[in-house]
Amino acid sequence: MTHPSTTILYVADPLASAHWWGERLALLPVEASPGFAMFVLPGGLQIGLWKAPDVQPAAGAPGGSELTITLGSRAEVDALHAQWAAQGLQVLQPPTDMDFGHTCTVADPDGHRLRAFAPHEA
């Protein structure tokens, strides 16, 4: 069986996106150029930021993907939302209760979503 190891986000400006994502992930990219940037998360997942016009075969417009962060409590979601809002990030969804848990969502400069959520407590 194959195991996916990398998620690629198509972006307008990989260096600007690397700055945005680096601050959210508290990581430096392992690779960064005007055409591509790459992060390796502690668990091994790689996140690539590929300049949309350079993607082969050609892809659609930037944006439209979502990454999620699982947190342990409603309070952690609320605190992270407050931090993101204080940083001036584009909040798409303030802390909200949904079927799967308590969640909030922000967007990167290309419209990719970063969602934080805490599953409902049993």
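Everything quoted here is computed from the prediction, not taken from an experiment.
Distance OG1/Thr6 to CD/Gln46: 4.0 Å, rounded to 0.5 Å. Here Asp97 contributes atom CG and Arg74 contributes atom CZ; the two are 4.0 Å apart, rounded to the nearest 0.5 Å. Here the CD-CG distance, from Glu66 to Asp108, works out to 11.5 Å after rounding to the nearest 0.5 Å. Between the NZ atom in Lys51 and the OG atom in Ser17 there is a gap of 11.0 Å [rounded to 0.5 Å]. A distance of 7.0 Å separates CH2 of Trp50 from CD of Gln56, quoted to the nearest 0.5 Å. Here CD of Gln93 is found 5.5 Å from CE of Met98. Values are rounded to the nearest 0.5 Å.
Here the shortest heavy-atom pairing between Ala118 and Gly72 reads CB-C, 4.2 Å. Across all non-hydrogen atoms, the minimal contact from Pro14 to Ser33 is CB-O, 3.7 Å. Taking all atoms of both residues into account, the shortest heavy-atom contact from Ala116 to Val77 is O-CG1, 4.2 Å. Annotation for Ala18 and Ala37: closest pair CB-CB, 3.9 Å, computed over non-hydrogen atoms. A pairwise comparison of heavy atoms in Pro42 and Leu27 identifies CD-CD1, 4.4 Å as the closest pair.
Other residues, nucleotides and ligands contribute over 12 non-hydrogen atoms within 6.0 Å of the CZ atom of Arg24.
Considering Leu25, Val106, Asp110 as possible partners of Trp20, the one that fulfils the side chain to side chain contact (heavy atoms under 4.5 Å, CB included) test is Val106.
Side-chain atoms of Thr96 come within 3.5 Å of backbone atoms of Pro94 as a donor-acceptor pair (strictly under, hydrogens ignored). Side-chain atoms of His81 do not come within 3.5 Å of backbone N or O of Val91 as any donor-acceptor pair. Using a distance-only test at 3.5 Å, with no hydrogens or angles considered, a donor-acceptor pair links the side chain of Asp13 to the main chain of Leu15.
In this structure, His102 and Asp78 have side chains that are in contact, with non-hydrogen atoms separated by less than 4.5 Å. In this structure, Phe39 and Leu49 have side chains that are in contact, with non-hydrogen atoms separated by less than 4.5 Å. No side-chain heavy atom of Pro29 sits less than 4.5 Å from a side-chain heavy atom of Met38. With a 4.5 Å cut-off on side-chain heavy atoms, Trp21 and Leu9 count as touching. The side-chain heavy atoms of Trp84 and Leu114, taken from C-beta on, include a pair separated by under 4.5 Å. The shortest distance between side-chain heavy atoms of Glu31 and Phe36 falls below 4.5 Å.
Hydrophobic clustering (side-chain heavy atoms under 4.5 Å, transitive across Ile, Leu, Val, Met, Phe, Trp, Tyr) keeps Leu67 apart from Leu92. Leu89 and Leu71 fall within a single hydrophobic cluster, where Ile, Leu, Val, Met, Phe, Trp and Tyr side chains are chained together by heavy-atom contacts under 4.5 Å.
A donor-acceptor contact under 3.5 angstrom links the side chains of Thr103 and Arg115, judged on distance only.
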